[in-house]
Amino acid sequence: MNPIDLRKCLTSGQVFRWREAEPGVWEGYDGSQFGRLCTASFGLQEDPLGKLTLAESGSWHQYFRLDEPQDLQSHIAAMCPKFATLPRQEGLRLLRPSDPVESFFSFLCTSNNHLGRITKMVEHLLPLAHASEGGNTAADEPERLLNIPSFTEPELRAAGFGYRAATIPRAAQLLINRGGRQYLLDLRQASLREAQAELLSFPGVGPKLADCIALYALHNTEAVPVDVHLWNGAVRLYFREWRGTTLTAKKYQVIGDHFRSLFGSWAGHAQLFVYYAGVVAGRSGGN
DNA sequence: TAGGGACCTGCC
DNA sequence: GCAGGTCCCT
């Protein structure tokens, strides 16, 4: 039994900077830290990090939240019988990316978009300074953030950003004006309401992205991003009377509040399992 | 508040 | 045609 499924974790729309270099081997970045991770390396021993191949000595404990229950789904299911009816998603974990700037811009790229294209866009915004040497150094990070507002709209459109080419540099400039990385780090101390209000004031950030950024950039695990998959799952589990209707701003709020009332600070974790179950169901053509 | 349409690109 | 949304307008 493997407590971590790297494919599920790294390709489920939580982070966008990982590739499967060879079967079972994943290469990518968390902020400035390069990682080369093997599925088989996790969870077989008491020290799950013992066999990891890393460019640096940094810990991936935080990234995979290994201090949290190994069987996250069961831990959450104990809080709600309806949630407990979800299919098992073995090895899926909520990630905890270290760099809020990376998550901020990653999710700016995700609106009305697909994974493959998102990955390309993120790489364009946050390129790897020394890929051949294993990635960026921490010192590169502020410079990369400062560079983003200098991208022109035509340039980004040519790079495949579509209509997001206009909003992303504007959002970047606003972020810098407010203090850049430190502004986001400070928001980690804010309440969810405060954080949402701040994030919603960025161009291109609506309720769903605000919650994604709160969850992944700010580590606020009360955040419940409601996309089409979570909407379908929430309707099926908790709001049968909404079948056949559409998601509105009001319902968006009600769903998040309901998850928080059931799961408290585990709401963000619960959301991930409902969301992922919906993605899997969608792939197999079921509902 | 709810409903409708545009918006880039790519894959079913 | 529609997608892991946002924004603007009835």
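Excluded from the calculations below are hydrogen atoms, water molecules and symmetry mates; all remaining heavy atoms, backbone and side chain alike, are included. If you're wondering where the values come from, they're calculated on a predicted model, not measured in any experiment. Throughout, protein chains are lettered first and strands after them, A, B, ... in sequence-line order, and every chain is numbered starting at 1.
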Participant: Working note: Phe151(A) + Phe161(A), criterion ring pair (Phe, Tyr, Trp, His ring centres under 6.0 Å); need CA distance, chi angles, decisive distance, verdict.
Facilitator: CA-CA 11 Å; Phe151(A) 287 115; Phe161(A) 280 68; 7.7 Å; no
Participant: May I ask you to evaluate whether His229(A) reaches the phosphate of dG4(C), defined as a side-chain N or O under 4.0 Å from OP1 or OP2?
Facilitator: yes
Participant: So what does Gly204(A) touch, heavy atoms closer than 4.0 Å: a base, only the sugar-phosphate, or nothing?
Facilitator: sugar-phosphate
Participant: For the pair Tyr252(A) (side chain) and Leu247(A) (backbone), establish whether a donor and an acceptor sit closer than 3.5 Å, ignoring hydrogens and angles.
Facilitator: no
Participant: Which part of the nucleic acid, if any, lies within reach of Pro207(A) when heavy atoms closer than 4.0 Å are counted: base, sugar-phosphate only, or nothing?
Facilitator: sugar-phosphate
Participant: Of the candidate nucleotides dG10(B), dA2(B), dT6(C), which contains the atom at the shortest distance from the side chain of Thr248(A)?
Facilitator: dA2(B)
Participant: Reading DNA chain B 5' to 3', what string of ( ), [ ], | and . shows its pairs, if Watson-Crick and G-U wobble pairs count only when both distances fall under 3.5 Å?
Facilitator: .||||||.|||.
Participant: Rounding to a whole Å, what distance do you find between Trp242(A):CH2 and dA2(B):P?
Facilitator: 9 Å
Participant: Looking at dC8(B), does its base get a donor-acceptor pair with the side chain of Arg157(A) below 3.5 Å?
Facilitator: no
Participant: Please check: side-chain N/O of Asp140(A) versus main-chain N/O of Asn136(A), any donor-acceptor pairing under 3.5 Å?
Facilitator: no
Participant: How would you label the contact of Leu209(A) with the nucleic acid (heavy atoms, under 4.0 Å): base, sugar-phosphate, or nothing?
Facilitator: sugar-phosphate
Participant: In whole angstrom, give the distance that lies between atom CD1 of Ile168(A) and atom C1' of dG5(C).
Facilitator: 13 Å
Participant: Pair Phe202(A), Phe104(A) - check ring pair (Phe, Tyr, Trp, His ring centres under 6.0 Å), show working.
Facilitator: CA-CA 11 Å; Phe202(A) 285 89; Phe104(A) 180 87; 5.1 Å; yes
Participant: Considering only the P atoms, how many Å lie between dT1(B) and dG5(C), rounded to the nearest integer?
Facilitator: 23 Å
Participant: Taking the side chain of Asp227(A) as heavy atoms from C-beta outward, which of dG4(C), dT6(C), dA3(C) is closest to it?
Facilitator: dG4(C)
Participant: Nearest whole Å is fine: how far is dT9(B) P from Leu156(A) CG?
Facilitator: 12 Å
Participant: Between atom CG in Asn112(A) and atom C1' in dT6(C), what is the gap in whole Å?
Facilitator: 9 Å
Participant: Do the non-hydrogen side-chain atoms of Glu102(A) and Leu126(A) ever get within less than 4.5 Å of each other?
Facilitator: yes
Participant: Let's see if you can work this out: which of dC8(B), dG4(C), dA3(C) has an atom nearest to the side-chain heavy atoms of Leu115(A)?
Facilitator: dG4(C)
Participant: Taking the side chain as everything from C-beta on, heavy atoms only, tell me whether Arg260(A) gets closer than 4.5 Å to Trp266(A).
Facilitator: no
Participant: Provide the distance between the two C1' atoms, one in dG4(B) and one in dC2(C), to the nearest whole Å.
Facilitator: 16 Å
Participant: Contact class for Thr246(A) (heavy atom, under 4.0 Å): base, sugar-phosphate, or nothing?
Facilitator: sugar-phosphate
Participant: Let's see if you can work this out: which of dT9(B), dA3(C), dG5(C) has an atom nearest to the side-chain heavy atoms of His114(A)?
Facilitator: dA3(C)
Participant: Test for a donor-acceptor pair under 3.5 Å between the base of dG5(C) and the side chain of Tyr163(A), counting only N and O atoms.
Facilitator: yes
Participant: What is the distance, to the nearest angstrom, from the CG atom on Leu108(A) to the P atom on dC7(C)?
Facilitator: 10 Å
Participant: Using the C1' atom as the point on both nucleotides, what is the distance between dG1(C) and dG5(B), in whole Å?
Facilitator: 15 Å
Participant: Rounded to whole angstrom units, what separation is found between the CZ atom of Arg164(A) and the P atom of dA6(B)?
Facilitator: 17 Å
Participant: What pair of heavy atoms forms the shortest contact from Lys251(A) to Thr246(A), and how long is it?
Facilitator: NZ-O, 2.8 Å
Participant: Just how far, in rounded Å, is C1' of dG3(B) from NZ of Lys250(A)?
Facilitator: 18 Å
Participant: Can you tell me how far P of dC7(C) sits from CG of Leu247(A), to the nearest Å?
Facilitator: 15 Å
Participant: Just wondering, more than 12 heavy atoms not from Glu241(A) lying within 6.0 Å of its CD?
Facilitator: yes
